[in-house]
Amino acid sequence: MARILISPFTFLFLGILGLISFPAEAAIKKYQFDIQVKNVSRLCHAKPIVTVNGRFPGPTIYVTEGDRVLVNVTNHAQYNMSIHWHGLKQYRNGWADGPAYITQCPIQTGGSYTYDFNVTGQRGTLWWHAHILWLRATVYGALVIMPKQGTPFPFPQPNEEFEILFGEWWHADVEEVVKRGTNMGLPPNMSDAHTINGKPGPLFPCSEKHTFAMEVELGKTYLLRIINSALNDELFFAIAGHSMTVVEVDAVYTKPFTTQAILIAPGQTTNVLVQANQIPSRYFMATRPFIDVPLAIDSKMATAILQYKGIPNTVLPTLPQLPASNDTQFALNYSKKLKSLNSQKHPANVPLKVDRNLFYTIGFGKNSCPTCVNGTKFLASLNNISFAMPQTAILQAHYFNIKGVYRTDFPDKPPTPFNYTGAPLTANLRTATGTRVSNIAFNSTVELVLQDTNLLTVESHPFHLHGYNFFVVGTGIGNFDPAKDPAKYNLVDPVERNTVGVPTGGWTAIRFRADNPGVWFMHCHLELHTGWGLKTAFVVEDGTGPNQSVLPPPKDLPPC
Ligand SMILES: *[C@@H]1O[C@H](CO)[C@@H](O)[C@H](O)[C@H]1NC(C)=O
Ligand SMILES: *[C@@H]1O[C@H](CO)[C@@H](O)[C@H](O)[C@H]1NC(C)=O
Ligand SMILES: *[C@@H]1O[C@H](CO)[C@@H](O)[C@H](O)[C@H]1NC(C)=O
Ligand SMILES: *[C@@H]1O[C@H](CO)[C@@H](O)[C@H](O)[C@H]1NC(C)=O
Ligand SMILES: *[C@@H]1O[C@H](CO)[C@@H](O)[C@H](O)[C@H]1NC(C)=O
Ligand SMILES: *[C@@H]1O[C@H](CO)[C@@H](O)[C@H](O)[C@H]1NC(C)=O
Ligand SMILES: *[C@@H]1O[C@H](CO)[C@@H](O)[C@H](O)[C@H]1NC(C)=O
Ligand SMILES: *[C@@H]1O[C@H](CO)[C@@H](O)[C@H](O)[C@H]1NC(C)=O
Ligand SMILES: *[C@@H]1O[C@H](CO)[C@@H](O)[C@H](O)[C@H]1NC(C)=O
Ligand SMILES: *[C@@H]1O[C@H](CO)[C@@H](O)[C@H](O)[C@H]1NC(C)=O
Ligand SMILES: *[C@@H]1O[C@H](CO)[C@@H](O)[C@H](O)[C@H]1NC(C)=O
Ligand SMILES: *[C@@H]1O[C@H](CO)[C@@H](O)[C@H](O)[C@H]1NC(C)=O
């Protein structure tokens, strides 16, 4: 998880001496991912989990901007599998994006599929994870893109870097837990622990102390590549005694700012610089959920240790001060501080003119389910449509013009407007279901306002769009006001990312240019809500130019 960094100037120096040759062509990086079940012990219980190459978390994909990446995923497990390269734009190449039944059919037991993609115009921390069922609970890892050789970071060069992945752990088999929940029409059991790099830390009541420790040296600067791979929790994170300087989110540089704690939603990544400038000792790093509605409260904390070199393990670390679990104000303040770097080298090309305005409401519902507890099952919807997974991948249906797989009549606005964030609506929670998506013209500019509603209850939702980054031009509490709110947008240096939180009982407006043809999934990154149908897709049409259409599918694309 640790990596010593050689400065780009050292590279340049060694290059001049002829000790390192600069490849004229981008490199090809090959990885083998064997999906296999392995017995892993974490919380005093050994249990078989689905892994990549027997590792948990899985291996880091480490590439340089411009590289071509080939990952041969071979499935030895009893589950169908697909892998998503979260945040990679996959230009014209949805075939390598990974969400099951959206861009590909799954890799079945015994099958192989090589994800073949170029890393173009992106650098920073992203990640990869299973994109089928809840298998990403154990199948995930970091994806680090270094800037091109000779290109320094636009912030002080760190001496060393670490990947920090947050996760959730269930004692029971996750797929069984989910199946049980689905059969009852209820939320599945919550996780039993949170983890940092797969380990809950020494405060978890278990005689085996599975703890991640990060060794630092006084006076050095560290880059932490933080990834929230948890399934259902937005998380706070802090390090006792040390502040953090945020320099990047979702593989886009930000204006640096210093903070005592960060907030990170499932799907998001955040790079921070940490200076080892405190009294050499041992310090806890800790993460705990942010939940600002009285749902099932999850206050489980995961800890890891920042340890100065030479300090013995017997020194008791102190805990950091994390914001309270329900600290909405901290969350709103924190989100407001995130801004694009917007430098000459890294401009924020915010679309100023909008071709297509979309307004999607987020809601919960309850539909009839005779076999479920109380005869109903929970679901979730966008514009009152709960997405039904097709059995043929939508990208295949789009490319080969297969009829009857999906409909393109997803409404641009709610079918029936109401007071979205008024009193909770608990009657008539019935919800329409369907495989309905929106067609988007090539290279048009899109503004999407995501509006939380009080259908059953308000809650915050981290939304992820595949195939694109977007600019977060505005956010607010209550109902979006199309007459007043756009005037308050930040169109200069809004944060650019691939996953954004829609605040509890509020709205978030994003903009992007639809210049990547293909079928792109958009969903809440809380797995619970994705499973309930809080998702849809954009079918971005081909352009007319020579490089403006979806590439032909690879020969080994898994069949349905
Ligand atoms: C996994 O470990 C448990 C506990 O040690 C043991 O009972 C079980 O047989 C093991 N399973 C496999 C597949 O090795
Ligand atoms: C992928 O890996 C599997 C298992 O090692 C192998 O059988 C297969 O030939 C590989 N595919 C490619 C394209 O290399
Ligand atoms: C990746 O780049 C190489 C070299 O330019 C090109 O041949 C290949 O088609 C590209 N692959 C994809 C999936 O775009
Ligand atoms: C869920 O939790 C309940 C109560 O703790 C327990 O009885 C049940 O076995 C759990 N279900 C699953 C599928 O793990
Ligand atoms: C947050 O939770 C604390 C204790 O659980 C409670 O006293 C406080 O009122 C809550 N604050 C908000 C803003 O809900
Ligand atoms: C939020 O920001 C406001 C204004 O900058 C400040 O007064 C307040 O203390 C901050 N609250 C939290 C919880 O950070
Ligand atoms: C089922 O209905 C009963 C009676 O209305 C209610 O008390 C209970 O909470 C409901 N259970 C669930 C899981 O919704
Ligand atoms: C919506 O509901 C809120 C809370 O009940 C209320 O304050 C507001 O006036 C309502 N808005 C409209 C347009 O009815
Ligand atoms: C959602 O659709 C269902 C089924 O068509 C309908 O009964 C319900 O009133 C709709 N709800 C909203 C909020 O539009
Ligand atoms: C998309 O439109 C913009 C603005 O009109 C233009 O600058 C750009 O070249 C277009 N991109 C493509 C791929 O056509
Ligand atoms: C299309 O892409 C190829 C390969 O990347 C490039 O050589 C060619 O110039 C592009 N054509 C146009 C019209 O952009
Ligand atoms: C695995 O995927 C195939 C192809 O989509 C499907 O036919 C099969 O039912 C899936 N198996 C399971 C266990 O879901």
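For ligands, and for the atoms within them, numbers begin at 1 and follow the listed sequence.
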Are any of the protein's heavy atoms under 4.0 angstrom from [atom], yes or no?
atom	answer
atom 2 (O) of ligand 8	yes
atom 9 (O) of ligand 5	no
atom 14 (O) of ligand 5	yes

I need the nearest protein heavy-atom contact for [atom]: residue, atom name and distance, please.
atom	result
atom 4 (C) of ligand 8	Gly422 CA, 3.8 Å
atom 6 (C) of ligand 8	Asn419 ND2, 4.2 Å
atom 5 (O) of ligand 5	Asn326 ND2, 4.5 Å

- Task: Answer yes or no: is there an ion pair linking Lys339 with Asp493, defined by an N-O contact shorter than 4.0 Å?
- Result: no

- Message: Walk me through whether Phe463 and Phe470 qualify under side-chain contact (heavy atoms from CB on, under 4.5 Å).
- Response: CA-CA 11 Å; Phe463 262 80; Phe470 47 73; over 6 Å; no

- Task: Report, in ascending order of atom number, the atoms of ligand 4 lying under 4.0 Å from any heavy atom of Asn189.
- Result: 1 (C), 2 (O), 3 (C), 8 (C), 10 (C), 11 (N), 12 (C), 14 (O)

- Report, as yes or no, whether the 6.0 Å neighbourhood of atom NZ on Lys413 holds more than 12 heavy atoms from other residues, nucleotides or ligands. no

- Under 4.0 Å from ligand 4, counting heavy atoms only, is it the side chain of Val177, its backbone, both or neither? both

- Item | Spacing of CZ belonging to Arg288 relative to CD belonging to Glu234, to within rounding of 0.5 Å | 14.5 Å

- Does some side-chain heavy atom of Thr536 sit less than 4.5 Å from a side-chain heavy atom of Phe521? no

